[in-house]
Amino acid sequence: MSTSAKNISIASQEHNDLTGVQKTGIAIGLIGLFIMSLALFNVEFPNKGYWLTGSLLSIITGIVLYANSFYLNRPEGISNNHVWTSSLTHKGTIGWMIGIILTSFYIALYWFPKYLGLNEQGGENTGIVGFFDPLSLILNGKPATQWFVYGTLYTMAIVGLGYKFILKYRHNKYQLVRTISVMFFQLGFAFLIPEILTKLNPEQAYFAKDIKNMWPLNYYFFDEWHVKGMLAGGNLGMFMLVFGVAMIFIISPILTYFYGKRWYCSWVCGCGGLAETAGDSFRHLSDNSEKAWKIERWMIHSVLVFSFVMTIAVIFTFLSNNPELSFITKDQFVWGIVLFLGVFTTALYVFKRKDMDQDAVYTMLSLVAIMVIAILMNYFSGNQNIFFIDSYKLREWYGFAIGSAFSGVIGVGFYPILGNRVWCRFGCPMAAVLGLQQRLFSKFRITTNGGQCISCGNCSTHCEMGIDVRSYAQKGENIVRSSCVGCGICAAVCPRGVLKLENDTPAGRINANEILLGNDVDLMDLINQK
C-alpha cells in the first residue's frame, strides 16, 4: 500500500494523462477530419453522401465523447488548470499550428476557392467543395459553394463545441441559456432557414444569407443588387426589407435598452457564437493593457466611419441611378442623414455628456466626421463616383479589408494567438454602435461588491474583451464599458460572488469617479440621492 501523499496542486503535471475515453474521442474526431482532408486533396469517394455523413458524425461524436469524459468527471465550476502552460492555450506549438491552418483555410476560402475545389465556370465541383455537394443538393437544391462548406463547418463548430461549453459551465444557468441561444440561432436562422428558402424560391435572386445579421454587420444590406432583390422578391422580399430596417432603428435599440449589447453579441451573433464556443479556450489571451484599449478605440471607430461612409456612398449611387425606385432623391437622402445624425449628436452632448466615457466621446466624434464627409460627398460627387472613386470600389475595399481580411482571416485565424474576440473588439462596426447605446441608453450593468473582492484576477483573466474587470471590482464600480458584451464569464469564475449582471433603472448606473476614488464627497448626500 502506497503511503505517498496525493498531489492536488493545480500546477501539478501528475494527472494530465488522457483517459481511454478521451483518447477514443480524439481518435474518432481526427478520423472525421482526416476524411475531409482526403477530400480536400481531391481523393474521389464513391457514394460521397455516406462518406460526408460519416465524417460529420465522427467529428461530433469525438467532441461529445471527449467533453463528457473530461468535464463530467470533474466538479462543477471553472478551473484555470494549465491554461498558461498548455501548448494549445498559451501560444505554444499546437496553438500556432492551429492558427496557421485556420488562417490558410480562410485565405483560400475568400480569395482562392478553386483550391478548395470550386469550379468557377459552373462545371462539376471537386475537392472539399464537391465533397459537400450531396448535402447542399438536399438543403438548397444546388451544388455546393465554398460558402456552403464554410457555413456547414461554422455551424458544426458552434453546435459541437457549444455542447462542450455547456458541460464546462453547467453550474451557471445564464451560460447554459445563452449558449443554447447562439446554437439555436446559428443552426436555424443562419444556416437551415436561408438554405431552405433558397430551395423554395429557386426563381428569385437569393437575398438573405443570414437572417439574423443586420447592418452595419451585414454591410451589403443596402447594395443595389440586394435592395433590388428584396424589392423584386414579392411579399417575402418586402418583409426582409422592412424587417432589416426595423432591426436597425427599432428592434435593436429597444433590446439594447433593456439588455445591453449582450442580446446580440452574446445571444444571437454568429461571430460571437463562434468566439464563445470554438474560441473559449483562448479567451484569456485577450490583451487587457491600457495600450490595447487605446488601439481598440481608434480601430473600431475608424471601421465605423468607413462602414457608414461606404454605405452612404452606395445608397447615394443607387438613388442616382434608380430614381424611379425611391420616394426620395439623393440630395434629400444625404441631408436627411446629416439632420438625423446632427440632432442625435447634439442630444447626446446636451443630455448625456456627464455620462460619456472616452469610448462614447470617440463614437460621437465619429458621427461628426460622418456628417462632414456626407456633406462633402453631396457637393463633390457624381452619380457613380464619390470623391473621384467609384462607390462600389469603396464597397469592394471594405469587403476585402474588413469583411474578409479582418473578420475572417485575422478575426478567427488568430484565435490561438490574440484571443477569441479580436474582430468583435477591434473591428466590428456593429459593436461600436451597440456599445454607444449600451453605455448611455441601457439598463444593463455589471455591479460589483468591492468589499468582497480578494483580487484573485480570475475575472480579468477570463474577460475576452480585454477589460480589466478586477480594477472595477476592487473599487466597487459598476461595469458599463462600451466594449463589454455581457458574456457573464467574469461573474461565473468569481469565487466570491462579487460580480452580478443586472438590468435595473438607468439612474445611478454610471458611478462618479470622485466617489469611487474616495475624494472629498458628502456620503450622506449620496445616500439621500439614492
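Basis for what follows: all heavy atoms, side chains included, without hydrogens, waters or symmetry-related copies. Position 1 is the first residue of the sequence; numbering continues from there.
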field: Backbone N/O of G162 and side chain of T179: donor-acceptor pair under 3.5 Å
entry: no
message: Evaluate L153 against F132 for side-chain contact (heavy atoms from CB on, under 4.5 Å), listing each step before the verdict.
response: CA-CA 10 Å; L153 296 177; F132 277 78; 4.1 Å; yes
Passing option when T311 is tested against Y220, Y219, W215, Y398 for side chain to side chain donor-acceptor pair (under 3.5 Å): W215
message: Would you call the rings of F191 and F148 parallel, tilted or perpendicular, taking 30° and 60° as the class edges?
response: tilted
field: Flag, side chain of T345 to backbone of L341, donor-acceptor distance under 3.5 Å
entry: yes
- request: Would you mind checking if E276 and R283 are paired as a salt bridge, meaning a charged N to carboxylate O distance below 4.0 Å?
  value: yes
- request: List the steps, then state whether side-chain contact (heavy atoms from CB on, under 4.5 Å) holds for T448 with C453.
  value: CA-CA 9 Å; T448 63; C453 180; over 6 Å; no
query: When rounded to the nearest 0.5 angstrom, what is the spacing between CZ in R470 and CG in N288?
result: 8.5 Å
query: Heavy-atom distance under 4.5 Å between the side chains of W423 and I402, does that happen here?
result: yes
- prompt: If we only count heavy atoms from C-beta on, is the T461 to V493 side-chain gap below 4.5 Å?
  reply: no
- line: Between the NZ atom in K142 and the CD atom in E195, the distance rounded to the nearest 0.5 Å is 9.5 Å
- prompt: Do the non-hydrogen side-chain atoms of I312 and I373 ever get within less than 4.5 Å of each other?
  reply: no
task: Look up atom CG in L418 and atom CG in D287, then write down how far apart they are to the nearest 0.5 Å.
output: 9.0 Å
task: Without swapping roles, check the side chain of S181 against the backbone of V177 for a donor-acceptor pair under 3.5 Å.
output: no
- prompt: Does the N140 side chain pair with the main chain of T198, one donor and one acceptor, at a distance under 3.5 Å?
  reply: no
message: Checking side-chain polar atoms at under 3.5 Å, does R178 have a donor or acceptor matched by the opposite partner on Y169?
response: no
task: Classify the side-chain pair R481/Y472 by whether it contains a donor and acceptor separated by less than 3.5 Å.
output: yes
- prompt: Do you know which two heavy atoms are closest between I63 and G160, and how far apart they sit?
  reply: CG2-O, 3.3 Å
Side-chain (R425) to main-chain (M465) donor-acceptor, under 3.5 angstrom: yes
- prompt: Given side chains that start at C-beta, do those of F306 and S302 come closer than 4.5 Å, heavy atoms only?
  reply: no
- prompt: About how many Å separate CG of L319 and CZ of F222, when rounded to the nearest 0.5 Å?
  reply: 11.0 Å
- prompt: Hey, what do you get for SG (C459) to CZ (R496), rounding to the nearest 0.5 Å?
  reply: 13.5 Å
message: Check whether Q186 reaches the backbone of C271 with its side chain - one donor and one acceptor, N or O, closer than 3.5 Å.
response: no
query: Does the side chain of S286 pick up a donor-acceptor pair with the side chain of E464 at under 3.5 Å?
result: no
field: side-chain contact (heavy atoms from CB on, under 4.5 Å) evaluation trace for R170 with L72
entry: CA-CA 10 Å; R170 64 190 185 277; L72 294 182; 4.1 Å; yes
Test item: C494 and Q452 side chains (from C-beta on) under 4.5 Å apart, heavy atoms: no
task: Please work out which of the three classes, parallel, tilted or perpendicular, describes the rings of Y415 and F282, given edges at 30° and 60°.
output: tilted
- request: Could you check whether the rings of W147 and Y150 sit parallel, tilted or perpendicular, using 30° and 60° as the cut-offs?
  value: perpendicular
- prompt: Looking at Y264 and M214, what are the two nearest heavy atoms and their distance?
  reply: OH-N, 4.0 Å
Residues V64, K164; criterion side-chain contact (heavy atoms from CB on, under 4.5 Å); working and verdict: CA-CA 7 Å; V64 170; K164 166 185 156 303; over 6 Å; no
- prompt: Does F221 offer a backbone N or O that forms a donor-acceptor pair with the side chain of H226 under 3.5 Å?
  reply: yes
query: According to the interplanar angle, ranging from 0 to 90°, do the rings of H301 and Y362 count as parallel (below 30°), tilted (30 to 60°) or perpendicular (above 60°)?
result: tilted
- prompt: When you measure from the side chain of Q438 to the backbone N and O of F444, does any donor-acceptor pair fall under 3.5 Å?
  reply: no
message: Hydrogens and angles aside, do D331 and T329 bring a side-chain donor and acceptor to less than 3.5 Å of each other?
response: no
task: For residues G342 and M371, report the shortest heavy-atom separation together with the two atoms involved.
output: N-SD, 3.2 Å
- line: Heavy-atom nearest pair, C269 first then L217, reads SG-CD2, 4.0 Å
message: Just verifying a value: how many Å separate N420 CG and T277 OG1, rounded to the nearest 0.5 Å?
response: 9.5 Å
message: Quick one, L436 and R439 - any side-chain contact, counting heavy atoms below 4.5 Å?
response: no
- request: Check whether more than 12 heavy atoms from other residues, nucleotides or ligands sit under 6.0 Å from atom NZ of K294, and answer yes or no.
  value: no
- prompt: For V485, does its backbone N or O pair with a side-chain atom of S266 as donor and acceptor, under 3.5 Å?
  reply: yes
- request: Step through the shown structure and confirm whether more than 12 heavy atoms of other residues, nucleotides or ligands are within 6.0 Å of OH on Y259.
  value: no
query: What is the minimum heavy-atom distance between V498 and A473, and which atoms define it?
result: CG1-CB, 4.0 Å
- request: Specify the closest pair of heavy atoms between L434 and S252, including all atoms of both residues, with the distance to one decimal.
  value: CD2-OG, 3.3 Å
message: Between K261 and A431 (side chain of the first, backbone of the second, donor and acceptor by atom type, cut-off under 3.5 Å), is there such a pair?
response: yes
field: Contact check, side chains of Y163 and N68, non-hydrogen atoms, under 4.5 Å
entry: yes
field: I337 and I315, any side-chain heavy atoms less than 4.5 Å apart
entry: no
